[in-house]
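Start at 1 and go down the list; that is how both ligands and their atoms are numbered.
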Amino acid sequence: MEKFVVAIDGPAGSGKSSISKIVADTLNFTRINTGAMYRAIALEAQKRNIDLTDESKYDFLDDITVVYDNGVTKVNGEPVDNEALKGASKAASECSKLKRVRDRMLTFQRNSAIGKVLMDGRDIGTVVFPDADVKIYLDASAEERAKRRYLEIKGTPIEKPYDEILKEINDRDYEDKHRPIAPLKQADDAILIDTTSLTIDEVVNKIISLINEKLRG
Ligand code: DC
């Protein structure tokens, strides 16, 4: 089949990952989690002990490939540990500001869109696929997103106080929305879904109907 792209953008904790996975699995789309790809680059940068903010230190980008393949993030064909990826939020936010990093990721992301694809991230509807067939912008209040994260990690070794999580979410929103290149923002033609008071099922069903409507033409 020809290419059909669904772009799902939104801030940290808006439910992008879980919702994208369910929608893609239900409709048999290939899902590409671009946040995981930025996290993989951040881990590679950390491995090399470079200053994450210094673009001139990123020569290694020319020698690596990053793909998101069926739920697994791979660097040079090797799977990256999921726990390590989860721990790279701040570093990913840092290195994703750099033009050099974004340019390289753009190539990886555009090349990986074959057939029916659902890609989620921050700039998919605005930069990576401005002509995407369906564009969704998922949002939720910072307090609700912090509450979800708090409940998700409560009782695990990475448990944290709610206030600390809320601060991290607000800081990351600020960084993602104010960077000069490809900042997080809703594309003019994206459909906004505020998930603050919706269940995962409600959001999933809404997105599936929008995609089916478009597929039927
Ligand atoms: O979605 P996530 O939390 O896994 O993303 C991690 C970081 O990567 C996020 O702070 C911003 C960056 N990112 C980006 O700049 N562009 C994307 N398309 C996806 C993620």
Identify the protein heavy atom lying closest to [atom], giving its residue, its atom name and the separation to 0.1 Å.
atom: atom 11 (C) of ligand 1; result: Asp176 OD1, 3.5 Å
atom: atom 7 (C) of ligand 1; result: Ala92 CB, 3.8 Å
atom: atom 19 (C) of ligand 1; result: Thr34 OG1, 3.4 Å

By number and element, which atoms of ligand 1 are closer than 4.0 Å to a non-hydrogen atom of [X]?
X: Ser96; answer: 11 (C), 12 (C), 15 (O)
X: Ser93; answer: 10 (O)
X: Gly121; answer: 18 (N), 19 (C)
X: Tyr38; answer: 8 (O), 13 (N), 14 (C), 16 (N), 17 (C), 18 (N), 19 (C), 20 (C)
X: Asp123; answer: 16 (N), 17 (C), 18 (N)

Worksheet item: Shortest non-hydrogen contact from Asp176 to Arg122?
Response: OD2-NE, 3.0 Å
Worksheet item: Are Asp62 and Arg100 side-chain neighbours, meaning at least one heavy-atom pair lies under 4.5 Å?
Response: yes
Does any donor atom in the side chain of [X] or [Y] lie under 3.5 Å from an acceptor atom in the other side chain?
X: Ser18; Y: Arg148; value: no
X: Arg145; Y: Ser14; value: no
X: Asp201; Y: Thr199; value: no

Item to complete: Would you give the length of the straight line joining atom NZ of Lys57 to atom SG of Cys95, rounded to the nearest 0.5 angstrom?
Response: 15.0 Å
Response to the item:
Of Arg122, Glu175, Arg172, Met37, the residue with the heavy atom nearest atom 14 (C) of ligand 1 is Arg122
Worksheet item: Considering only heavy atoms, which of Lys97, Met119, Met105, Arg102 lies nearest to atom 16 (N) of ligand 1?
Response: Arg102
Discussion item. Evaluate Asn33 for polar contact with ligand 1, using N/O atom pairs at a separation under 3.5 Å.
Written reply: no
Worksheet item: Between Arg39 and ligand 1, does any nitrogen or oxygen pair lie at a separation below 3.5 Å?
Response: yes
Practice prompt. Look only at the side chain of Thr195 and the backbone of Asp139, and say whether a donor-acceptor pair between them is shorter than 3.5 Å.
Written response: yes
Item to complete: Give the contacting part of Asp120 toward ligand 1: side chain, backbone, both or neither, where contact means a heavy-atom distance below 4.0 Å.
Response: neither
Worksheet item: Which bit of Arg179 is near ligand 1, meaning a heavy atom under 4.0 Å away: side chain, backbone, both or neither?
Response: side chain
Worksheet, complete the sentence: For residues 156-175, the ring pair (Phe, Tyr, Trp, His ring centres under 6.0 Å) pairs (sequence neighbours left out) are Tyr174-His178
Discussion item. I'd like to check the side chain to side chain donor-acceptor pair (under 3.5 Å) partners of Glu164; sequence neighbours left out, ordered by chain and number.
Written reply: none
